[in-house]
There are 2 protein chains.
Amino acid sequence: MSKLKVDIIAENLLAIHPLLYKSISKPLKNKSSITPGGMFVMGILKRNGMLSMSDIGNCLSMPKPHVTVIVDRLIEEEYVERQHDPKDRRIVNISLTAKGLADFEEVKEDLVINLKSKLVMLSDEQQEALSLASQQMKEILISILSIEKNKEY
Amino acid sequence: MSKLKVDIIAENLLAIHPLLYKSISKPLKNKSSITPGGMFVMGILKRNGMLSMSDIGNCLSMPKPHVTVIVDRLIEEEYVERQHDPKDRRIVNISLTAKGLADFEEVKEDLVINLKSKLVMLSDEQQEALSLASQQMKEILISILSIEKNKEY
DNA sequence: TATAATGGTTACAAAAATATAACTATTATT
DNA sequence: AATAATAGTTATATTTTTGTAACCATTATA
């Protein structure tokens, strides 16, 4: 791989990161009681279905006590629920509730509304390009970044 | 614009956000004394050159007192410097120092090294696709998300 | 010149993220 | 059966982020 290519990718990711932080994490708090961390947890639960506490920590690189705190809050608000794994009773599996899914979708809708007001500035071609580029980035990033169960927390 | 397209974009951004958070913000702290906020500030300073305190706050949707705190820390570590605007002495302009630029690049290098170890799992075509997709995403997101001086902080 | 507006800082408080150590319960290993 | 390893929680402390109100200095306005 050329040094140039990976450098370009790194620079792009570094530039994209604060933009997403600004347009996703920040507006989120004004509209709901879900914290960014809680949103991350709900997001991976939506994409992956039921996950253990450790899985969540590994997916998001969060220390386990932090996962506990976040999940505790999500449970208080009835966004997720705990289920002991019948095969290994040490494991606690977390899954989205119907309410959690609904409110997650609602937050996503807010993002959609916000995005819509910005996307009108783009041509049809640019919108299509953003759609395709984000799709590709998502798929590739998920494939290389999301599954990492080797780290210890 | 079709509802479908903006929905896809929103979902992709929501999925990409935690991945970047995990692979950029988190490893950052292990390697340097720069906080995520400080990294964001240095990033926009590198891309935009000299910026006023308010500009920084607007670019990153940060309240001004928070910008002051972050810039104070960056100044302590000699990563940025203050300069009073001679035309309007209320304005304080912030710019990267040579040390700041060097350490920012070093953090970026860490990301590059980390990315490299992941990218080997991808085919040449996929690497090229990620490079192009991230470039497109960066440019489009910057064009629609980055300049927003209307908000009050 | 008096007043308002702007850019920024200071002081303070609260929420969230992060990290570590000690602990319980359960399962695996010897 | 005793011990070690694993999954998760509890407790605690620190750092970072976020928000608000009061304030100073400078510039613009009336």
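Proteins get letters first, then strands, A, B, ... in listed order; numbering begins at 1 in each. What you see below is based on every heavy atom in this structure, not just the backbone, and it leaves out hydrogens, waters and symmetry mates.
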Participant: Tell me the interatomic distance from B/Ile70, atom CD1, to D/dT16, atom P, rounded to whole angstroms.
Facilitator: 10 Å
Participant: Is the phosphate of D/dG8 approached by A/Thr68 (side-chain N or O, under 4.0 Å from OP1 or OP2)?
Facilitator: no
Participant: Before accepting this row, confirm whether a basic side-chain N of the pair B/Glu76/B/Arg73 lies closer than 4.0 Å to the acidic partner's carboxylate O.
Facilitator: no
Participant: Strictly below 4.0 Å: does A/Arg73 bring a side-chain N or O up to OP1 or OP2 of C/dA16?
Facilitator: yes
Participant: Between P on D/dG8 and CD1 on A/Ile94, what's the gap in Å once rounded to a whole number?
Facilitator: 8 Å
Participant: Pick the closest DNA chain D nucleotide for A/Val92 and for B/Pro86 by heavy atoms, then say which residue is nearer the 5' end.
Facilitator: A/Val92
Participant: NZ of A/Lys64 versus P of D/dA11: gap in Å, rounded?
Facilitator: 17 Å
Participant: Could you check whether any side-chain heavy atom of A/Lys64 comes within less than 4.5 Å of a side-chain heavy atom of A/Met53, counting everything from C-beta outward?
Facilitator: no
Participant: Assuming nearest nucleotide by heavy-atom distance, tell me which of A/Arg90 and B/Met53 is located more 5' along DNA chain C.
Facilitator: B/Met53
Participant: Any idea which of C/dG7, D/dT20, C/dT20 is nearest the B/Pro63 side chain?
Facilitator: D/dT20
Participant: Taking only side-chain nitrogens and oxygens of A/Ser54, does any of them come within less than 4.0 Å of OP1 or OP2 of D/dT6?
Facilitator: no
Participant: To the nearest angstrom, how far is B/Asn93 atom CG from C/dG7 atom P?
Facilitator: 12 Å
Participant: Can you measure B/His66 atom NE2 to C/dA15 atom P for me and round it to whole angstrom units?
Facilitator: 17 Å
Participant: When the distance from CG of B/Leu74 to P of D/dT16 is rounded to whole Å, what number comes out?
Facilitator: 11 Å
Participant: Is B/Arg82 near enough to C/dT9 that one of its side-chain N or O atoms lies under 4.0 angstrom from OP1 or OP2?
Facilitator: yes
Participant: In whole Å, what is the span from the CG atom of A/Asp85 to the P atom of D/dG8?
Facilitator: 9 Å
Participant: Of all residues at least two apart in sequence or in a different chain, which pass the side chain to side chain contact (heavy atoms under 4.5 Å, CB included) check with A/Gln135?
Facilitator: A/Lys138, A/Glu139, B/Ile8, B/Asn12
Participant: Can you check whether A/Arg89 has a side-chain N or O nearer than 4.0 Å to OP1 or OP2 of C/dT26?
Facilitator: yes
Participant: Please tell me if A/Tyr21 has a side-chain N or O lying less than 4.0 Å from either OP1 or OP2 of D/dT16.
Facilitator: no
Participant: If the plane angle is over 60° it's perpendicular, under 30° parallel, otherwise tilted; pick one for A/His17 and B/His17.
Facilitator: tilted
Participant: Closest heavy-atom contact between B/Thr97 and B/Val80?
Facilitator: CG2-C, 3.7 Å
Participant: Check every atom of C/dA17, C/dT27, C/dT20 against the side chain of A/Asp88 and return the nucleotide holding the closest atom.
Facilitator: C/dT27
Participant: Examine D/dT17: is either OP1 or OP2 under 4.0 Å from a nitrogen or oxygen in the side chain of B/Thr35? Give yes or no.
Facilitator: yes
Participant: Which whole-number value in Å describes the distance from B/Lys87 NZ to D/dA25 C1'?
Facilitator: 20 Å
